[in-house]
Amino acid sequence: MSRPKNDTFLRALLRQPVDYTPVWLMRQAGRYLPEYCETRKRAGSFLNLCKNPQLACEVTLQPLARFELDAAILFSDILTVPDAMGLGLYFADGEGPKFERPLREEWVIRDLTAPDPNVHLRYVMDAVVEIRRALNNSIPLIGFSGSPWTLACYMVEGGSSSDYRTVKTMLYNRPDLMHHILDVTTTAVTDYLNAQIESGAQAVMIFDSWGGALSHAAYREFSLAYMQRIVAGLKREQDGERVPCIVFTKGGGQWLEAIADIGCDAIGLDWTTDLGEARRRVGDRVALQGNFDPVALFADPEKVAAEACRVVDSYGSGTGHVFNLGHGINQFTPPENVRALVDAVHKHSRRGYSTP
Ligand code: CP3
C-alpha cells in the first residue's frame, strides 16, 4: 500500500517538505454538523454509533465532504477501552460519559486485565478497515487512544470530574494501586493502537486530556512515563510506511522538552502555548500540532480567518506544523466558520511556502 494521494499531513508530521500547512480538527465529526446529528439519531445513541462500523464510517466521512481537510480521524471514543475492560460505559443525557462499575475496590483493581483488541474492540478494527476502504487512499486515517492517566481519571472517578478528587486521592494515598491501573491500561492501549495500525491507521494520536491536572512531579511519574512505554511499544512501520505518533497533553505547555524526549514524532499543543516559542524549545526533534482556540471559531468568519493566519505565522516557515484546534470543536460552532478556518490555513500557508 502506497502513501495516500494527499500525504501532506504525514509529511508535516515527519518534517518532510510540504506545499502548504495541512489541517484537521479534533472532533471534526460531531454535533456541530446537522448530518452527524441525523446519523446519531438513526443509530439511537452515541455508543451505538461507535459500535456500528458502517455508521462510524459514515460520520467519519461527513466533515471531509464539507471541508478540504488533510486527514480523517477514526470516529470512536477514548472510553471504549475501559468499556472493553468491563467497566460498563454509558452516556447519560447531558451529563457526559459514565461507568456503571468505576474502579474503587482493591480486589477489582487487582483483577483488571488488558482486553484483546481484536476480540473485545473488534468493532473499532472493523470501522478502521471500512473507513480505509471508503477513503480509497485519498487522505490518511488517524487512529487514537486516551493516555493511561486520562483513561484512569474516568475509570476511577466514574465519569467527568471538575477536581479529580477521587483519582488524585488514590494517587497520593495508594500510589501502588494507581500504578497497577496505569500498568494494565498501558498494555491495553499499546495493544489497541497496534491493532488499529495493523487494521490500517496511518498515524496515531494519544489524547492525554487530563495530564495538565497533575503536579509537575506527578505528571512525569503518572502520565508521561506510561506514554513513553506506549510509544516504545508501538509498531512504527506498516506496509513499508512510517506510522507517526502524536502525543497531546492538554495543559502540557511547560513540559514540551520532556514530551519531545519520549520518542513521539509530534506534540499536540493547546492554545495557551505560542507555537513559535514551542518550536524553538523542541528544535528539530518533533513536529507540532495545534493550536487554534476552538472558541475563536465563534467570531465572524473574517476574524476566524485572520486568527487562523496568525496561528500559521506564529509557527513560521518550513515544514513540521499540522494545523489543528487546541482542543475539540464546540458543539455549537457554526459550520461556515469551520470552512473559513480551513480555507484560510490552506490559502495563507501556500503563499508562505511559495516564497523562495
Ligand atoms: O476527533 C474526532 O472527530 C474523533 C472522535 C472522538 C470523539 N471523542 C467523539 C465524541 C475523539 C478523538 C474523542 C476523544 C475523547 N473522548 C477525549 C479526548 C479528547 C478530549 O476531548 O479531551 C475524551 C476526554 C473523551 C471522553 C468523552 N466522550 C467525553 C468527555 C464526551 C462528552 C463530551 C461532550 O461534548 O458532550 C464524549 C462524547 C463524544 N465523543 C462525542 C463525540 C462526537 C459527543 C457525543 C454525542 O454525539 O453526544
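Atoms within a ligand are numbered from 1 in the order they appear, just like the ligands themselves.
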Work out whether the distance between some heavy atom of [X] and some atom of ligand 1 is less than 4.0 Å.
| X | value |
| --- | --- |
| R27 | yes |
| L74 | yes |
| M205 | no |
| F248 | no |
| P97 | yes |

Could you tell me the residue and atom name of the protein heavy atom closest to [atom], and the distance to it rounded to 0.1 Å?
| atom | result |
| --- | --- |
| atom 45 (C) of ligand 1 | F46 CD1, 3.4 Å |
| atom 34 (C) of ligand 1 | R31 NH2, 2.8 Å |
| atom 11 (C) of ligand 1 | F144 CZ, 3.6 Å |
| atom 38 (C) of ligand 1 | F91 CE2, 3.5 Å |
| atom 17 (C) of ligand 1 | I78 CD1, 3.6 Å |

Ligand-residue contact atoms, ligand 1 with [X], heavy atoms, under 4.0 Å:
| X | answer |
| --- | --- |
| R40 | 46 (C), 47 (O), 48 (O) |
| H327 | 20 (C), 21 (O), 22 (O) |
| Q28 | 1 (O), 2 (C), 3 (O) |
| M26 | 1 (O) |
| A29 | 3 (O), 43 (C) |
| S76 | 5 (C), 6 (C), 7 (C), 8 (N), 9 (C) |

For [X], look at atom [atom1] and say whether over 12 heavy atoms of other residues, nucleotides or ligands are found less than 6.0 Å away.
| X | atom1 | result |
| --- | --- | --- |
| R110 | CZ | yes |
| R174 | CZ | yes |
| K235 | NZ | yes |

Stepwise side-chain contact (heavy atoms from CB on, under 4.5 Å) check, T166 with R104: CA-CA 9 Å; T166 318; R104 296 285 162 83; 3.7 Å; yes
Is the ring pair F207/F144 parallel, tilted or perpendicular, if the boundaries are 30 and 60 degrees?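 If you compare the ring of F207 with that of F144, the planes turn out perpendicular.
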Is there a polar contact between ligand 1 and [X], counting only N or O atoms under 3.5 Å apart?
| X | value |
| --- | --- |
| S209 | yes |
| Y154 | no |
| W210 | no |
| D77 | yes |

Short N-O contact, R122 and D126, less than 4.0 angstrom: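 A salt bridge is present here (some side-chain N lies under 4.0 Å from a carboxylate O).
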Is the closest basic N to carboxylate O distance between R310 and E307 below 4.0 Å?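 Counted as a salt bridge, because a side-chain N and a carboxylate O are separated by less than 4.0 Å.
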Within the 6.0 Å centroid threshold, strictly below: F75 and Y36: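 Yes, ring centres under 6.0 Å apart.
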Per the ring pair (Phe, Tyr, Trp, His ring centres under 6.0 Å) rule, which among F292, Y315, Y20 passes with H321?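 Testing each of F292, Y315, Y20 against H321, the sole residue satisfying ring pair (Phe, Tyr, Trp, His ring centres under 6.0 Å) is Y315.
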Heavy atom to atom 47 (O) of ligand 1, shortest distance: which of Y36, Y32, W24 holds it? Y36
Residues that D300 engages under salt bridge (Lys or Arg N to Asp or Glu O under 4.0 Å), provided they are two or more places apart: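 D300: no salt bridge (Lys or Arg N to Asp or Glu O under 4.0 Å) contacts found.
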Can you measure from CD (E38) to CD (Q62) and round to the nearest 0.5 angstrom? 8.0 Å
Sole candidate of T8, D70, T21 that passes side-chain hydrogen bond (donor to acceptor under 3.5 Å, both in side chains) when paired with H346: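 Filter result, single survivor: D70.
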Would you check if there is a donor-acceptor pair between the side chains of H327 and W271 at a distance under 3.5 Å? no
